[in-house]
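Okay, structure first, notes after.
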Amino acid sequence: MFFLTTAIDYTNGSPHIGHAYEKVLADVIARYRRLAGEEVYFLTGVDQHGQKVQQTAEKEGVSPADYVKTVTARFSALWEKIGVEYDGWAETTDPRHITCVQSILSDLHARDQIYKKTYKGFYSVRQEQFLTDRDRDEAGNFGPEWGEVTEIEEENYYFKLSDHTPWLREFLEKSDDTILPAFRKSELINALEKNTGADLCISRPKERLTWGIELPFDSDFVTYVWFDALINYISFVGYTPDPSLPDFESVWTGRPVHIIGKDIMVPAHGIYWLAMLRALGFSDEKMPQLLVHGWWNRSGEKMSKSLGNIVDPSELVDTFGVDALRYYLVRDIHTGKDSNFDVERLVMLFNTELANELGNLCNRALNMSVRFTESVISPGGPLTADDTALQQSLIDSTAAYRKAMDNHEVSMGLEALNRHVVHCNQYAERMKPWELNKNPENKERLATVLHHLAESVAHCAVLLSPVLPDAAAKLADQLKLPKLTDHKLDDLKWGLVHSGHEIEKPSPVFPRIEVKAAE
RNA sequence: CGCGGGAUGGAGAAGUCAGGUAUCUCGUCAGGCUCAUAACCUGAAGACCGUAGGUUCAAAUCCUACUCCCGCAACCA
């Protein structure tokens, strides 16, 4: 089983382009793995507890539970809108999750992995948090942004993180595929080097915070939100068995892939979570891989004048469509790195690669079949060097696509796919089917050329399907091949379009996006 | 000396781990085609690969020093 998760989004505001990116990336990877013939379980959801939720709810004059419900609905509505299809949905206020967290807390407490101690430090009342030396300004004082700062003593529960850091360090040192992409590994190991054996505070006294999961062994405290949230990765796949949840052993069969942003690798996922799993008895072979993605940055507000200041993914979909957004989000960023969000590039990539190249290829190929061969596609006569070169291009592109996608490099996968599309357009230009059509003697040759184009479009539709499932279905529809998208990668052999296959006059699958050059 | 990432033709990127005539997309210029979504195809101009040294037959790629950008720095969910 290929078990894939995303970070669960914190329900403290509306979803933005970064949230959408992570989910689309995960959705694409999940769909790709299914296409590759693997069994997939894709889990995502929302993180609903914690101080910030409690504060925001208070500010808005509603209960945290109601507030969280509203925000959660915004997230799930967006996923539906942009075609993110998950198998499991995690909400941390779910009773099944709470049961699991509490059972884990009890277990760790019973095994002395959790203990109580007093912490003395400087506390900011306004920010409701303890401060550390790095919060001091250059003069060594706490700045006015913290408001009143007092030194207080507080009892809390701690998880024995220090028991596991030596193992973690060693595990990470020898593993090349736990942190993806690899360049982030050194960052995590460095962070670990600086760990001076500190343990992790996993409780909050109820005087300060009530919106959380109560500690099963001390009702004066709730669980620290990270300790609660991280557990979603196991609670919602039945770590504590529940008839409404999957069977844990059949989901967590190897190393799951957790897709997260670079901001929550250190310390939450890279340190806390791996250590927590270790404490629960997970072996090295069951440790998750962390696929760490970068950020969409926004450079300047220049484009906002001409195209409107749009960053809400839902509005982007309304303006440009799901295909354009999904394609852009995985095409214009290399997994792991940062990129600048630019609406003009979104439009450009859709128009050039989808409308002009692939969409137009489909359109011209099918139109010619309708006009020149009575809508019937047949293999025609003997193959020339041009034909075999085209078939080889398809084989090469498919191989490059698979290699890239296996490494979660969606952008490179799409680039590989594109190479074949370009090859096809060049092929059409050289073969000139419209010329062949002028002389009846060329009928067989004409059939061969058009067959090669139709066959290529069919393959491209399948390869594109993880990224743009709807568009792939439309391409299949144009080709009159309704079962096309049922194919697995290994079934992709030359001959998807059978001899004598009939099609109809096509209409554009990717209508060009026309942008009015506003003032 | 806190940590990490980055600096590549006008714009955005790949390539750097495993050195070997600089790649892709957009843009610009010129031409071709007409089946197609004013789409497609061909050709051209444009980069001393941040700076300065070094290693090597050979460096965007390895080594040293430096400059400038961005993020993070562990009770911030």
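Here is the naming used below: chain letters follow the sequence lines, and residue numbers restart at 1 for every chain.
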Item to check | ring-ring contact (aromatic ring centres under 6.0 Å, His included) involving A:Tyr157 - partner list, sequence neighbours excluded | outcome: A:Phe217, A:Phe221
Checklist entry - Mind checking the P distance from B:C49 to B:U8? Whole angstroms is fine. => result 11 Å
Checklist entry - Within the side chain of A:Thr373, is there an N or O that forms a donor-acceptor pair under 3.5 Å with the backbone of A:Ser369? => result yes
Item to check | Pairwise P distance, B:G9 and B:A22 [rounded to whole Å] | outcome: 15 Å
Checklist entry - How many Å lie between CD1 on A:Ile271 and C1' on B:C75, as a whole number? => result 14 Å
Checklist entry - Base, sugar-phosphate, or nothing: which does A:His49 touch, judged by heavy atoms less than 4.0 Å apart? => result nothing
Next on the checklist: Taking side chain to side chain donor-acceptor pair (under 3.5 Å) as the definition, give me every residue that meets it alongside A:Thr335, ordered by chain and number, with sequence neighbours left out.
Outcome noted: none
Checklist outcome for this item: Per-nt protein contacts along nucleotides 30-42 of chain B (heavy atom under 4.0 Å; B base, S backbone sugar-phosphate only, - none) come out as --BSSBBB-SBSS
Item to check | Residues that A:Arg512 engages under side chain to side chain donor-acceptor pair (under 3.5 Å), provided they are two or more places apart | outcome: A:Asn356
Checklist entry - What pairs with A:His97 under side chain to side chain donor-acceptor pair (under 3.5 Å), at least two apart in sequence or on another chain? => result A:Asp228, A:Ser235
Checklist entry - Expressed as a whole number of Å, how far does the C1' atom of B:C76 sit from that of B:C17? => result 35 Å
Checklist entry - Taking atom C1' of B:C24 as reference, at what distance in whole Å does atom CG of A:Leu417 sit? => result 15 Å
Next on the checklist: Taking B:A52 as the reference, what is the distance to B:U61 when you measure between their P atoms (whole Å, please)?
Outcome noted: 13 Å
Checklist entry - Are the side chain of A:His501 and the backbone N or O of A:Leu479 linked by a donor-acceptor pair below 3.5 Å? => result yes
Next on the checklist: Taking salt bridge (charged side-chain N to carboxylate O under 4.0 Å, His left out) as the definition, give me every residue that meets it alongside A:Glu154, ordered by chain and number, with sequence neighbours left out.
Outcome noted: A:Arg208
Checklist entry - What pair of heavy atoms forms the shortest contact from A:Trp211 to A:Gln48, and how long is it? => result NE1-O, 2.6 Å
Next on the checklist: Can you work out whether A:His334 or A:Arg204 has the more 5'-proximal nearest nucleotide on RNA chain B?
Outcome noted: A:His334
Checklist outcome for this item: The side chain to side chain contact (heavy atoms under 4.5 Å, CB included) partners of A:Asp163 (sequence neighbours excluded) come to A:Gln113, A:Lys160
Item to check | Whole-Å distance separating the NZ atom of A:Lys116 from the C1' atom of B:C75 | outcome: 17 Å
Checklist entry - Quick one: ring-ring contact (aromatic ring centres under 6.0 Å, His included) partners of A:Trp167, sequence neighbours excluded? => result A:Phe171
Checklist entry - OP1, OP2 of B:U25 versus side-chain N and O of A:Tyr327: anything below 4.0 Å? => result no
Next on the checklist: For the C1' atoms, the ones on B:U67 and on B:G31, what distance do you get once it is rounded to whole angstrom?
Outcome noted: 45 Å
Next on the checklist: Between B:G50 and B:G5, how far apart are the two C1' atoms, rounded to whole Å?
Outcome noted: 15 Å
Item to check | Distance, rounded to the nearest Å, where A:Arg208 contributes CZ and B:C76 contributes C1' | outcome: 12 Å
Checklist entry - Checking ring-ring contact (aromatic ring centres under 6.0 Å, His included) against A:His19, which of A:Phe75, A:Trp296, A:Trp295 comes through? => result A:Phe75
Item to check | Protein-nucleotide distance (A:Asp332, atom CG; B:G12, atom P), rounded to Å | outcome: 12 Å
Item to check | Set of residues satisfying ring-ring contact (aromatic ring centres under 6.0 Å, His included) with respect to A:Tyr233, sequence neighbours excluded | outcome: A:His258, A:His269, A:Trp273
Under 3.5 Å between N/O atoms: give me all the protein pairs with nucleotides 3-10 of chain B, atom names plus distance.
{"unit_1": "B:C3", "atom_1": "O3'", "unit_2": "A:Asn190", "atom_2": "ND2", "d": "2.8"}
{"unit_1": "B:G4", "atom_1": "OP1", "unit_2": "A:Asn190", "atom_2": "ND2", "d": "3.2"}
{"unit_1": "B:G4", "atom_1": "O2'", "unit_2": "A:Glu187", "atom_2": "OE1", "d": "3.3"}

Item to check | Position toward the 5' end of RNA chain B (nearest nucleotide), A:Leu349 or A:Asn156 | outcome: A:Leu349
Next on the checklist: In this structure, how many angstroms lie between the C1' atom of B:G27 and the CE atom of A:Met348, rounded?
Outcome noted: 9 Å
Checklist outcome for this item: note: A:Asp342, atom CG; B:U25, atom C1'; distance rounded to Å ~ 13 Å
Checklist entry - By side chain to side chain donor-acceptor pair (under 3.5 Å), which residues pair with A:Thr44, not counting sequence neighbours? => result A:Thr6
Item to check | Atom-pair distance (CG on A:Asn297; P on B:G71), nearest Å | outcome: 8 Å
Item to check | C1' gap between B:G46 and B:A11, integer Å | outcome: 13 Å
Next on the checklist: Please give the distance between the C1' atoms of B:G20 and B:A59 as a whole number of Å.
Outcome noted: 9 Å
Checklist entry - Taking a pair as Watson-Crick (N1 to N3 plus N6-O4 or O6-N4) or G-U wobble (N1-O2 and O6-N3), both under 3.5 Å, which stems of 3 or more consecutive pairs involve RNA chain B? => result B:2-7 with B:67-72, B:10-13 with B:23-26, B:28-32 with B:40-44, B:50-54 with B:62-66
